Protein chains: 2
Amino acid sequence: MSPRMGLTGERVTMAAAELADEDGFANVTVSALARRLGVKDASLYSHVRNLRDLRVRVGVLATEEISDRIAPAVAGLSGHRALAAFATAIRGYARDHPGRYAATQLRVEPEEWGDSPGPRRAGELTLALLRGYDLEEPDATDAVRLLRSTVYGFIDIELTEGFAHPRELDASWERILLALHHTFTDWKNHESTD
Amino acid sequence: MSPRMGLTGERVTMAAAELADEDGFANVTVSALARRLGVKDASLYSHVRNLRDLRVRVGVLATEEISDRIAPAVAGLSGHRALAAFATAIRGYARDHPGRYAATQLRVEPEEWGDSPGPRRAGELTLALLRGYDLEEPDATDAVRLLRSTVYGFIDIELTEGFAHPRELDASWERILLALHHTFTDWKNHESTD
DNA sequence: CCACTAACCTAAGAGCTCTAGGTTTCCTGG
DNA sequence: CCAGGAAACCTAGAGCTCTTAGGTTAGTGG
C-alpha cells in the first residue's frame, strides 16, 4: 500500500517461508511471492538471484531453525533420551513448518549456503549425538546414515500421508526410535551374522 | 517422421519414463515429451489427461516394475537374505531408473491407479517379507514403517548425493540392512527400555 | 468406397521466469 | 536544507510452459 514497503533479502526470504508453509513448497514461485507482497515480479529480482536462489534461501533458513530447536532439546540428555529429543525436534519442526522442511531436501552446494553456518551446524549436532554411542569409524558414518535415512524417510512419508494403516503414528515413531537406540547400542555385537 | 506414428497411452507413458531417467523426473513435461516424440504439445492431450496424469502414469509403471523385481529376488529366501534381496532389488531399480523411481514418490490416490495392481502388490510383498519375522500387530505395522522409512530415506539421499563422507555407500547399505534385520529379529525383547 | 474413430494439427489464452532499462523514494553529507 | 546516489520499485517484453477449442487427415470395418 505504501509507495515503498522496504523489502530486503531477509524479508523476502521470510515471506517465501510463510508461503511455503501455507501453500506447499512447490508453490513457492516468484510470481506467487510477488502477489503476496503486493509487488511486481521483476521487483523481487533485486533481492534474489532467481527462483532457485529463492528456494535455497528457504532451505537454509529452515536448516538454521531446525538446529536452533535441536540444540536446546538435547542439552543435558544422553542415550535414548537424547536420540528421542533430537529426532522429535526435527519431526516437530516438520509438522509446524512443512513447507520450510520440504525446502530442506533441496541438494544445495556449500557455496550456495551464503554466510549461513546452518547446514554445518546440523551435521555437527548429529555427530555429537552419535558420539554418545561410542562408535568408531567407519561405524559412526554408517550410523549417521541410518539415522538420517530413518528420520528423513519417516517424516517425509508422514508428511505426504503415505502411511495407510490407522495405527497411531506417534506410537510407531516411539517404537522406531527405540529400535534405532538399540541398534546403536549393540552396533559392535552385530558385526557379522546371518 | 511418418504422418502418423501411432501414439497410444502406453507408448506415451513409456516415452515419459525414458525421458524421466535421462533428464530427471522434474523435466518430465508435456512440451519436452512432445519434442522427444516429434509431435505438437496439444497432441499428447488425446492420450493423457494433463501433466499430473502423465507423471502419475510413470509412477504407477515404476511401482509395477519394482514389484516385478522384488518377487523373483526374494523367492525361496528368508530372514536376513530375504530382507537384503528385497531392499537391494528396490535400490537396484532406483539406480537403473532414477527418474522412474522418483515418480514413485508421488502421492497417488487409489482411484488414480487406473486398473494397475502395482501399488497393492508392492504392499503385499512388504507384508510377506515381514511375516518371516513373526511379528504380531501392531508390531508388524511399525516394522513395515521402519523398513519403508529406512530404505526410502537411504535411496533418496543416495540419489541426491547428500552423503558427504567418502566411505563406500555399499558398505553402509549392508550394515544398515543388518541392523534392520537384528531389529526385526529382536523386536519383542526391546519392548521397553531406557 | 464410405463413414467413423482416433491421431494429429493450428490457434490462442493464461501463467511462469527473467532481462533491460527507466523512475521514484529515501538517506546521507556537505 | 538540499544535492546526489543507492536502492526499491516499475514497465515492457521475450520465451517457455500448460491447457482448451476446434479443425484436418489417416487408417479401419462394413
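Just so it is clear, the model here is predicted, and its values are computed rather than measured. Sequence lines set the chain letters: A, B, ... in the order given, protein chains first and strands last, and positions in each chain run from 1.
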Between [X] and [N], is there a contact of a side-chain N or O with OP1 or OP2 at under 4.0 Å?
X     : N      : answer
B/S31 : D/dC16 : no
B/H47 : C/dC8  : yes
A/S43 : D/dC10 : yes

Proximity to the side chain of [X] - top-ranked nucleotide from [options]:
X     : options                : answer
A/N50 : C/dC18, D/dT17, C/dC16 : C/dC18
A/L51 : C/dC18, D/dT17, D/dC10 : C/dC18
A/A42 : D/dC18, C/dC9, D/dC10  : D/dC10

Please report, rounded to the nearest Å, how far the [atom2] atom of [N] is from the [atom1] atom of [X].
X     : N      : atom1 : atom2 : value
A/Y45 : C/dT17 : OH    : P     : 6 Å
A/K40 : D/dG13 : NZ    : C1'   : 14 Å
A/R55 : C/dC16 : CZ    : P     : 12 Å
B/D23 : D/dT17 : CG    : P     : 12 Å
A/L44 : D/dC10 : CG    : C1'   : 12 Å
A/L33 : C/dG15 : CG    : P     : 17 Å
A/N27 : D/dT17 : CG    : C1'   : 16 Å
B/R11 : C/dA7  : CZ    : C1'   : 12 Å

> Do A/K188 and A/D134 have side chains that get closer than 4.5 Å, going by heavy atoms?
Replying inline: yes

> Hey, mind stepping through A/V144 and A/L127 against side chain to side chain contact (heavy atoms under 4.5 Å, CB included) and telling me if it holds?
Replying inline: CA-CA 7 Å; A/V144 168; A/L127 251 295; 4.1 Å; yes

Which is true for [X] with a 4.0 Å heavy-atom rule: it touches a base, it touches only sugar-phosphate, or it touches nothing?
X     : answer
A/D41 : base
A/T8  : nothing
B/S46 : base
B/R52 : nothing
A/A32 : nothing
B/R35 : sugar-phosphate

>> Ring centroids only, cut at 6.0 angstrom: are B/H97 and B/Y101 within range, meaning strictly under it?
In response: no

> Salt bridge check: are B/R69 and B/D96 linked by an N-O gap of less than 4.0 Å?
Replying inline: yes

> Is the B/W173 ring parallel, tilted or perpendicular to the B/F154 ring (thresholds 30°, 60°)?
Replying inline: tilted

